[in-house]
Structure formats: structure tokens, C-alpha cells
Asker: 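Sharing a structure below in C-alpha cells format, with a few things to ask.
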Amino acid sequence: MSQLHVIDHPMVQHKLTIMRMKETGSKDFRELLKEIAMLMGYEVTRDIALMDVKIETPICPMTAKMVNGRKLAIVPILRAGMGMVDGLLSLLPVAKVGHIGLYRDEETHKPVVYFCKLPKDIENRMVILTDPMLATGGSACDGIAMLKERGCKNIRLMCLVAAPDGVAKVQQEHPDVDIYVAAVDERLNENAYIVPGLGDAGDRIFGTK
Ligand code: PRP
Ligand code: URA
């Protein structure tokens, strides 16, 4: 069974509360999402492999540890997942970035694929799949399946707000994928929106609708 990590750090919770407020505009929403993504990135990367490097301090030579960022990829689910990329890149500047385009059909709430462009050595990288909203879990499950079809074996899902249904679906379909969220909310409403949630993340990031 995949693990669910709820990042309950006070700074993450504080920023998420401001994002939830309906009066928070796109500029602040984007900045807060970027900041939270960087903070959550600490937890998502907590156990990534380090390599030994030989360096010299002003005092003496030593063997020290460094992250091998060339083994990482960040893959946002378009559009809203894009809002988490810059925050992660400020932590992992040499990670490659792929894109998966999915939108939820407004009637069926099922995901529809319209784009996929990934680094060509994606199968050798640990992938952080980003999407702020994990509602029914359909988009995340399809995104993970697309990565697995291309050979990815080490995938982590990083979201902001989840519904219990979405968490359960990912855990059932992809028990090897750990999930990182800042909050698990109460439920979905009749339009498959997360309650209380924060509304439509893509629209709030990009000022559409
Ligand atoms: C939103 C969100 C997720 C998806 C979550 O995207 O960013 O991708 O819905 O819902 P699910 O768990 O029920 O699949 P949306 O389809 O609104 O597209 P957008 O990001 O382009 O606005
Ligand atoms: N997509 C969103 O952007 N918000 C939700 O609450 C559910 C799906």
C-alpha cells in the first residue's frame, strides 16, 4: 500500500488557508502555491539518494554529500500542476521537466488526454508528478499510468488538497506510488469538486473563468 504523507508544517497550513480564501487573487494564489511546493519538496525528496563528492573547504579536503539532481524529473499535469513546478525547481534546479496534458470532462468528470511530452530518459528518473487537486483521482491515476507505460518505476504524487475518494483510488490502482498532500478534505460535491477545497485550481492560477 502506498503511503499518504500529510505535510502539516505550520507554514504550509498557513499559506494553504490564504489560498482557500475566495478573495485571494491569482497573483497571491500563484505565489503561495509556488512557496508551498518548495516547502513540500523538502518532504517529497527526504529520502532521495546522495552521492559522494570530493571537495575542499578553506580548511582541508573532504568527501561530502550531494544530491544527484540529474536523476530527477518533475512532471506537472496541465494546467494546474504547472503552478507547483517553479517551487520545486528552486529546490532541484537541474531536474528535467515533462508535461502531461489532461482535463476533466465537465459532464463525465473523467480525464481526457491532450498532450504528453517527457524527457527521453524518463524511465531512469525519479518522477515527481504534480497536481494541486486530487479529487476523484481519475487525472492522477491516468497520469501515473502514462508514466508507467513509458517505463517509470519510481513515481511520487505531489498534490495540495485531496479528497478521500482520490486518495483511495490512487492507493488502489497504484499501490507503489506515495502521495504527498497538505490536506485531506471532507468529501466531493455533486460536481466532483473538493469540499471545502479551494475551488478550481487552474482557473484561480491563470485567472480564467
Ligand atoms: C483539475 C485538477 C486536476 C483534476 C482533479 O484539472 O487540476 O487535474 O481537475 O480532478 P480529478 O481528481 O477528479 O481527476 P482540470 O481538469 O480542471 O484542468 P485544468 O488544470 O486545466 O483546469
Ligand atoms: N479540480 C479542481 O480544480 N478543484 C476541485 O475541487 C476538483 C477538481
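Here, residue 1 is the first one in the sequence, and each next residue gets the next number. Values below: every heavy atom of this structure, side chains too, minus hydrogens, waters and symmetry copies.
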Asker: Nearest heavy-atom pair of G87 and A37: which atoms, and what distance?
Answerer: CA-CB, 4.3 Å
Asker: Taking the basic N atoms (NZ, or NE/NH1/NH2) and the acidic carboxylate oxygens, is any pair closer than 4.0 Å for E31 and K34?
Answerer: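 Salt bridge between E31 and K34, a charged N being under 4.0 Å from a carboxylate O: no.
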Asker: Report the distance from atom NE2 of H9 to atom OH of Y42, rounding to the nearest 0.5 Å.
Answerer: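 Spacing of NE2 (H9) from OH (Y42) equals 10.0 Å.
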Asker: Minimum heavy-atom separation for L157 and C159, please, with both atom names.
Answerer: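 Nearest pair, atom of L157 first, then C159: CG-SG, 3.7 Å.
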Asker: Over all heavy atoms of both residues, which pair between G202 and T208 is shortest? Give the atoms and the distance, please.
Answerer: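 Closest pair (atom of G202, atom of T208, distance): O-OG1, 4.0 Å.
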Asker: Got a second to check how far M84's CE is from M158's CE, nearest 0.5 Å?
Answerer: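 Here the rounded value is 4.0 Å.
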Asker: Please collect all salt bridge (Lys or Arg N to Asp or Glu O under 4.0 Å) contacts where either partner lies in residues 167-180, sequence neighbours excluded, each pair once.
Answerer: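 Only K148-D176, K169-E173 qualify under salt bridge (Lys or Arg N to Asp or Glu O under 4.0 Å).
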Asker: Please check if the side chain of S2 supplies one atom and the backbone of Q171 the other of a donor-acceptor pair under 3.5 Å.
Answerer: no
Asker: Could you give the distance from NZ (K71) to CE (M51), rounded to the nearest 0.5 Å?
Answerer: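 One gets 9.0 Å once the value is rounded to the nearest 0.5 Å.
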Asker: Would you say the side chain of I7 lies within less than 4.5 Å of the side chain of L39, judging by non-hydrogen atoms?
Answerer: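 Contact flag for L39/I7 side chains = no.
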Asker: Passes side-chain contact (heavy atoms from CB on, under 4.5 Å), Y193 versus D200? Steps please.
Answerer: CA-CA 8 Å; Y193 273 78; D200 188 304; 2.9 Å; yes
Asker: Identify whether V67 and V127 are in the same connected component of the hydrophobic contact network (ILVMFWY, side-chain heavy atoms under 4.5 Å).
Answerer: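 As far as the 4.5 Å side-chain criterion goes, V127 and V67 are not connected within one cluster.
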Asker: Keeping T57 on the side-chain end and C60 on the backbone end, is there a donor-acceptor pair under 3.5 Å?
Answerer: yes
Asker: Would you say the side chain of T136 lies within less than 4.5 Å of the side chain of D165, judging by non-hydrogen atoms?
Answerer: no
Asker: Go through the structure and list residues passing side chain to side chain contact (heavy atoms under 4.5 Å, CB included) with D185, not counting sequence neighbours.
Answerer: R20, V161, A183, I194, P196
Asker: Heavy atoms, side chains only, cut-off 4.5 Å: are L160 and L16 in contact?
Answerer: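 They are in contact (side-chain heavy atoms under 4.5 Å apart), so the answer is yes.
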Asker: Quick one: does K153's side chain have a donor or acceptor within less than 3.5 Å of a partner on G151's backbone?
Answerer: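 Pair found, side chain donor or acceptor close to backbone of G151.
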Asker: Calculate, to the nearest 0.5 Å, the distance between atoms CZ and CD1 belonging to R79 and I205 respectively.
Answerer: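 One gets 8.0 Å once the value is rounded to the nearest 0.5 Å.
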Asker: Flag the pair L89 / V97 as yes when at least one side-chain heavy-atom distance between them is below 4.5 Å, and no otherwise.
Answerer: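 Yes, their side chains come closer than 4.5 Å.
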Asker: Could you please spell out the steps behind the salt bridge (charged side-chain N to carboxylate O under 4.0 Å, His left out) verdict for R156 and D47?
Answerer: CA-CA 12 Å; R156 293 167 189 205; D47 62 348; 2.8 Å; yes
Asker: Please determine whether residues I144 and V181 belong to a single hydrophobic cluster, defined as Ile, Leu, Val, Met, Phe, Trp and Tyr linked transitively by side-chain heavy-atom distances below 4.5 Å.
Answerer: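 Linked, I144 and V181 end up in one cluster.
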Asker: So V170 and L4, do their side chains get closer than 4.5 Å, heavy atoms only?
Answerer: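 SC-SC contact between L4 and V170 ruled out.
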Asker: Do L78 and Y114 pass the side-chain contact (heavy atoms from CB on, under 4.5 Å) test, and can you show the C-alpha distance, the side-chain angles, and the key distance before you say yes or no?
Answerer: CA-CA 9 Å; L78 306 179; Y114 61 89; 3.4 Å; yes
Asker: When rounded to the nearest 0.5 angstrom, what is the spacing between CD1 in I55 and CE in M66?
Answerer: 8.0 Å
Asker: Is any side-chain heavy atom of L33 closer than 4.5 Å to a side-chain heavy atom of P132?
Answerer: yes
Asker: Quick one: do D121 and R125 make a salt bridge, cutoff under 4.0 Å?
Answerer: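 The answer is yes: the pair qualifies as a salt bridge.
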Asker: Over 60° means perpendicular and under 30° means parallel, so classify the ring planes of H5 and Y180, tilted if in between.
Answerer: parallel
Asker: Hey, are the side chains of L147 and L118 touching, using non-hydrogen atoms and a 4.5 Å cut-off?
Answerer: yes
Asker: Run the numbers on R204 and T24 for side-chain contact (heavy atoms from CB on, under 4.5 Å), then give the verdict.
Answerer: CA-CA 9 Å; R204 295 197 66 186; T24 299; 3.6 Å; yes
Asker: How far apart are the closest heavy atoms of L102 and S139, and which atoms are they?
Answerer: CD1-O, 3.2 Å
Asker: Are the side chain of D203 and the backbone of G207 linked by a donor-acceptor contact shorter than 3.5 Å?
Answerer: no
Asker: With a 4.5 Å cut-off on side-chain heavy atoms, are I128 and V75 touching?
Answerer: no
Asker: To check you understand the geometry: which heavy-atom pair defines the closest contact between G98 and P119, and what is its length?
Answerer: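 Taking G98 first and P119 second, the nearest heavy atoms are CA-CD, 3.8 Å.
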Asker: Would a single hydrophobic cluster contain both V44 and M11, if residues Ile, Leu, Val, Met, Phe, Trp and Tyr are joined by side-chain heavy-atom contacts under 4.5 Å?
Answerer: yes
Asker: Do V184 and L188 share a hydrophobic cluster (ILVMFWY, side-chain heavy atoms under 4.5 Å, transitive)?
Answerer: no
Asker: Between H99 and C116, is the side-chain contact (heavy atoms from CB on, under 4.5 Å) condition met? List the steps.
Answerer: CA-CA 6 Å; H99 297 86; C116 183; over 6 Å; no
Asker: Of all the heavy-atom pairs spanning G41 and L91, show the shortest one and how long it is.
Answerer: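 Result for this residue pair: C-CD2, 3.4 Å.
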Asker: If Ile, Leu, Val, Met, Phe, Trp and Tyr residues are connected whenever their side-chain heavy atoms lie under 4.5 Å apart, and connections chain through other members, are V85 and M133 in the same group?
Answerer: yes
Asker: Between T63 and D52, does the side chain to side chain donor-acceptor pair (under 3.5 Å) criterion hold? Intermediate values first, please.
Answerer: CA-CA 6 Å; T63 301; D52 285 339; over 6 Å; no
Asker: Tell me, yes or no, whether the heavy-atom count around Q13 atom CD, taken from other residues, nucleotides or ligands under 6.0 Å, exceeds 12.
Answerer: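 Yes, because the 6.0 Å sphere around CD of Q13 holds more than 12 heavy atoms from other groups.
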Asker: To the nearest 0.5 angstrom, please state how far the NZ atom of K96 sits from the CD1 atom of I122.
Answerer: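 It comes to 9.5 Å.
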